[in-house]
There are 2 protein chains.
Amino acid sequence: MKSSDDKLRARISDMSAFFHKNGRMPSFSEVGEIFHLSSKSAAYKAVGKLEKMGVLSKDKRGKLIPGSIKSPVKILGTVEAGFPSPAEEELADTISLDDFLIKNREAAFLLKVSGDSMSGAGILPGDMVIVDKGQTPKSGDIVIAEVDGEWTMKYLRKRGESVTLIPANPNYKPIKPKNDLKIAGVVTAVVRKYG
Amino acid sequence: MKSSDDKLRARISDMSAFFHKNGRMPSFSEVGEIFHLSSKSAAYKAVGKLEKMGVLSKDKRGKLIPGSIKSPVKILGTVEAGFPSPAEEELADTISLDDFLIKNREAAFLLKVSGDSMSGAGILPGDMVIVDKGQTPKSGDIVIAEVDGEWTMKYLRKRGESVTLIPANPNYKPIKPKNDLKIAGVVTAVVRKYG
DNA sequence: ATTATAGGCGAACGAACGTTCTATGTCAAG
DNA sequence: CTTGACATAGAACGTTCGTTCGCCTATAAT
């Protein structure tokens with residue numbers, strides 16, 4: 001049972017490699033090539049197993065579409081839980097950061113943060129924020145707003161009729177826009193990359 | 001010229017919709033369907049234009065693979081720059097957060113942060129960190145480490161022979177591991193989702 | 001020893017594939 | 001009005017597609 005598990009793992013890995021290298025799933029004859037099978041029907045049966053495991057699935061046209069291999073990140077628990085043993089690791093769910101962070105593909109934009117006015121909320125200069133341009137802003141949301149001709153990122157506070165933009169840094173003061181407040185979008189996520 | 005631009009935009013949008021709904025790029029006859037063309041050759045030529053624009057590209061086997069439509073997020077400038085007009089917006093580059101944040105697909109893991117010991121570095125409880133299990137940790141990196149039987153996330157400081165784990169919160173104290181320090185991975189990115 | 005099971009081979013099928021060709025219609029520039 | 005560029009239609013081609021079938025060979029179970 002051990003060696004057949006190894007073979008399966010290797011095939012999942014090969015399938016994933018093909019998908020991420022070529023940008024599409026292979027045909028059955030290509031599956032034969034990457035699995036080193038000289039008959040399509042062997043590839044066909046091998047794919048059937050991967051399908052049952054959720055690694056991939058099939059169209060109504062029979063074409064292969066990626067399943068779990070599409071999502072590159074394995075989800076573990078919390079920091080305290082630490083890393084599981086390699087055996088458990090295989091059972092981990094995977095997720096795509098694109099799917100995780102972006103609700104509305106058409107309305108999503110990436111903006112680079114350059115000020116430190118939101119550093120109290122864990123948004124530092126150099127971070128990237130994902131902004132949803134379509135979403136209607138609620139009180140408490142972090143918004144990208146144009147007030148008096150300048151663009152800023154601030155907390156939005158609505159109290160009845162009054163609207164205030166509040167920074168998350170005590171060195172800055174809340175802004176009470178006079179006439180022209182335009183809210184361009186709502187910050188739905190923050191992303192920071194190291195190294 | 002205006003209406004032909006509109007048609008192109010609509011086709012790019014339709015193509016993107018097909019790709020994200022079906023998990024693969026269409027065949028030429030399917031392109032004909034989604035573009036409402038009753039001949040494959042019309043679809044073939046229409047695809048040629050999209051190819052020149054970088055929306056998609058072709059295999060050596062002629063199969064379509066996604067180009068810019070694969071990446072869901074449009075990159076804009078800084079917060080101060082604000083949002084461009086819809087006209088410029090079309091020219092924006094796009095990026096996939098998966099590709100942006102993950103270098104090593106096999107070694108990448110997602111961990112949820114539950115403590116506040118790194119809140120000084122803008123990593124708050126509830127955030128998710130992307131951990132690279134394969135990377136060798138350098139001094140100054142944020143690492144996931146097991147010290148004396150407990151898992152934590154801390155800055156790593158190496159000074160000659162001595163190794164210290166330093167939190168980014170003054171309420172916690174630096175840890176000088178006695179014997180058993182295991183570093184499981186390096187934090188390569190932080191991700192926070194609102195709402 | 002016999003049977004059952006699983007995996008791979010090789011050939012075959014119709015359908016769908018990418019590509020190319022010619023023909024037709026549309027619309028703006030000359 | 002004529003011309004030329006362009007977009008679409010429609011047919012045709014050789015190739016590859018997904019799928020199925022029968023056969024062979026191991027390995028494991030009875």
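Labels below follow one simple rule: chain letters A, B, ... track the order of the sequence lines, proteins then strands, and each chain is numbered from 1. As the structure is a prediction and not an experimental result, all values here were calculated from the model.
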Rounding to 0.5 Å, atoms CE (A/Met118) and OH (A/Tyr172) come to a distance of 12.0 Å
A/Asp14/A/Arg11 salt bridge by N-O under 4.0 Å criterion
no
When the nearest nucleotide of DNA chain D is assigned to A/Phe28 and to B/Arg11 on a heavy-atom basis, which residue is associated with the more 5' position?
B/Arg11
Please report the interatomic distance CD1(B/Ile130) to CG(B/Leu110), rounded to the nearest 0.5 Å.
6.0 Å
Without decimals, in angstroms, what is the distance between B/Asp59 CG and D/dC17 P?
11 Å
Take atom NE2 of B/His36 and atom P of D/dA9, then tell me their distance rounded to the nearest Å.
12 Å
Counting the atoms with a prime plus P, OP1 and OP2 as sugar-phosphate, which does B/Lys49 contact under 4.0 Å by heavy atoms, base, sugar-phosphate, or nothing?
sugar-phosphate
Nearest whole Å is fine: how far is C/dG18 C1' from B/Ile65 CD1?
15 Å
Please classify the nucleic acid contact of B/Lys40 as base, sugar-phosphate, or nothing, using heavy-atom distances under 4.0 Å.
base
Rounded distance in Å - CZ (A/Phe35) to C1' (C/dC9):
17 Å
In whole angstroms, the gap separating C1' of C/dA16 from CZ of B/Arg24 amounts to 11 Å
Here the distance between atom P of D/dT16 and atom CG of A/Leu64, to the nearest Å, is 18 Å
For a quick check, tell me whether the side chain of A/Ser41 and the base of C/dG10 share a donor-acceptor pair closer than 3.5 Å.
yes
Side-chain N or O of A/Arg61 versus OP1/OP2 of C/dA15: is the shortest distance under 4.0 Å?
no
Less than 4.0 angstrom between a side-chain N/O of B/Ser27 and OP1 or OP2 of C/dC17, yes or no?
yes
Is the base of D/dG18 touched by the side chain of A/Lys58 through a donor-acceptor pair closer than 3.5 angstrom?
no
Separation of atom NZ in A/Lys45 from atom P in D/dT20, rounded to whole Å:
12 Å
With nearest nucleotides of DNA chain C determined for A/Ala42 and B/Tyr44 from heavy-atom distances, which residue corresponds to the more 5′ nucleotide?
A/Ala42
Heavy atoms only, 4.0 Å cut-off, all strands: where does B/Ser29 land among base, sugar-phosphate and nothing?
sugar-phosphate
Choose from C/dG7, C/dG10, D/dT8 the nucleotide whose nearest atom is closest to any side-chain atom of A/Ser38.
C/dG10
B/Glu51 CD to C/dT19 C1': how many Å, rounded?
13 Å
Where does the angle between the aromatic ring planes of A/Phe83 and B/Trp151 fall among parallel (under 30°), tilted (30 to 60°) and perpendicular (over 60°)?
tilted
Which heavy atom of A/Asp116 sits nearest to which heavy atom of A/Asn169, and what is that distance?
O-ND2, 3.0 Å
Measuring to OP1 and OP2 of C/dG8, would you say a side-chain N or O of A/Lys7 lies under 4.0 angstrom away?
yes
